[in-house]
Amino acid sequence: QAPLVESGGGSVQAGGSLRLSCAASAYTYRTRCLGWFRQAPGKEREEVIITVSYSSTKYADSVKGRFTISEDNAKHTLYLQMNSLKPEDSAMYYCAAARRIGGRCQDYDDWGQGTQVTVSS
């Protein structure tokens, strides 16, 4: 119900870094799973890094070793640190939330508006 608000996108050269932020409500942060997705024009939405349970996260193979996820509990904020960016990382990046049942995350169905990331060669 409460909005998720992404920020931190922009245009960078290949090899550069960006840190995206997702600000959540206290309720969402405390009760929901959070994760990052992306979608490039003409492509289907892709999981980037998502929480799947209380202790587990899933990384897309394409971002392993380059992207990391972290949280600031006091600020109710989820971060996506993106290093060694490649042109193929260019996409709209979305923060999303899922219901948590029995410690396991359900379908991600609550979405922010997105923040654009553009990586040039």
Is a side-chain N or O of D107 found less than 3.5 angstrom from the main chain of D109, in a donor-acceptor match? no
Between K64 and D61, does any side-chain N to carboxylate O distance fall below 4.0 Å? yes
Shortest non-hydrogen pair, Q81 vs L18, comes out as NE2-O, 3.6 Å
So, do Y59 and F67 have ring centers that fall under 6.0 Å from each other? no
Do the non-hydrogen side-chain atoms of C105 and T51 ever get within less than 4.5 Å of each other? yes
Any chance you could measure L78, atom CG, to N73, atom CG, to the nearest 0.5 Å? 10.5 Å
Start with the C-alpha gap between Y27 and H76, add the side-chain angles, then the distance that decides, and say whether side-chain contact (heavy atoms from CB on, under 4.5 Å) holds. CA-CA 9 Å; Y27 172 81; H76 312 136; over 6 Å; no
Using a distance-only test with no angle check, is there a side-chain donor-acceptor pair under 3.5 angstrom linking S17 and N83? yes
Among E46, E47, E88, whose salt bridge (charged side-chain N to carboxylate O under 4.0 Å, His left out) with R38 holds? E46
Show me the pairs that pass disulfide (SG to SG under 2.5 Å) and involve residues 37-94, at least two apart or across chains. none
Shared ILVMFWY cluster between V5 and W111, side chains joined below 4.5 angstrom? no
Determine, using the 4.5 Å side-chain heavy-atom cutoff (strictly less than), whether V119 and V48 are members of one ILVMFWY cluster. yes
Heavy-atom count around Q106 CD within 6.0 Å, excluding the residue itself: above 12? yes
Scan for side chain to side chain donor-acceptor pair (under 3.5 Å) pairs involving residues 94-103, sequence neighbours excluded, and state none if there are none. none
State the CG-OG distance between L85 and S11, to the nearest 0.5 angstrom. 11.0 Å
Closest non-hydrogen contact found for P87 with S120 is CG-C, 4.5 Å
Side-chain donor/acceptor of E6 to backbone N/O of Q113, under 3.5 Å: yes
Within the 4.5 Å heavy-atom criterion, are L20 and Y79 side-chain neighbours or not? no
Scanning both residues in full, the closest heavy-atom pair of E71 with L34 reads OE2-CD1, 4.3 Å
Minimum heavy-atom separation for A40 and S90, please, with both atom names. CB-O, 3.7 Å
Roughly how far, to the nearest 0.5 Å, is the CE atom of M82 from the CH2 atom of W36? 8.0 Å
Identify the two heavy atoms, one from L80 and one from Y93, that lie closest to each other, and give their separation to 0.1 Å. CD2-CD2, 3.9 Å
Say whether V117 and V12 are linked into one hydrophobic cluster, either directly or through other cluster members, by side-chain heavy-atom distances under 4.5 angstrom. yes
Give, for atom CD1 of I69 and atom SG of C22, the distance between the pair rounded to the nearest 0.5 Å. 9.0 Å
Closest non-hydrogen atom pair between A97 and T28, with its separation: CB-CG2, 4.0 Å
Rounded to the nearest 0.5 Å, how far does OH of Y29 lie from CG of D72? 6.5 Å
Atom pair CD1/OG of I49 and S70 - distance to nearest 0.5 Å: 9.5 Å
Quick check against the 3.5 Å criterion: does S56 have a side-chain atom that pairs as donor or acceptor with the backbone of V52? no
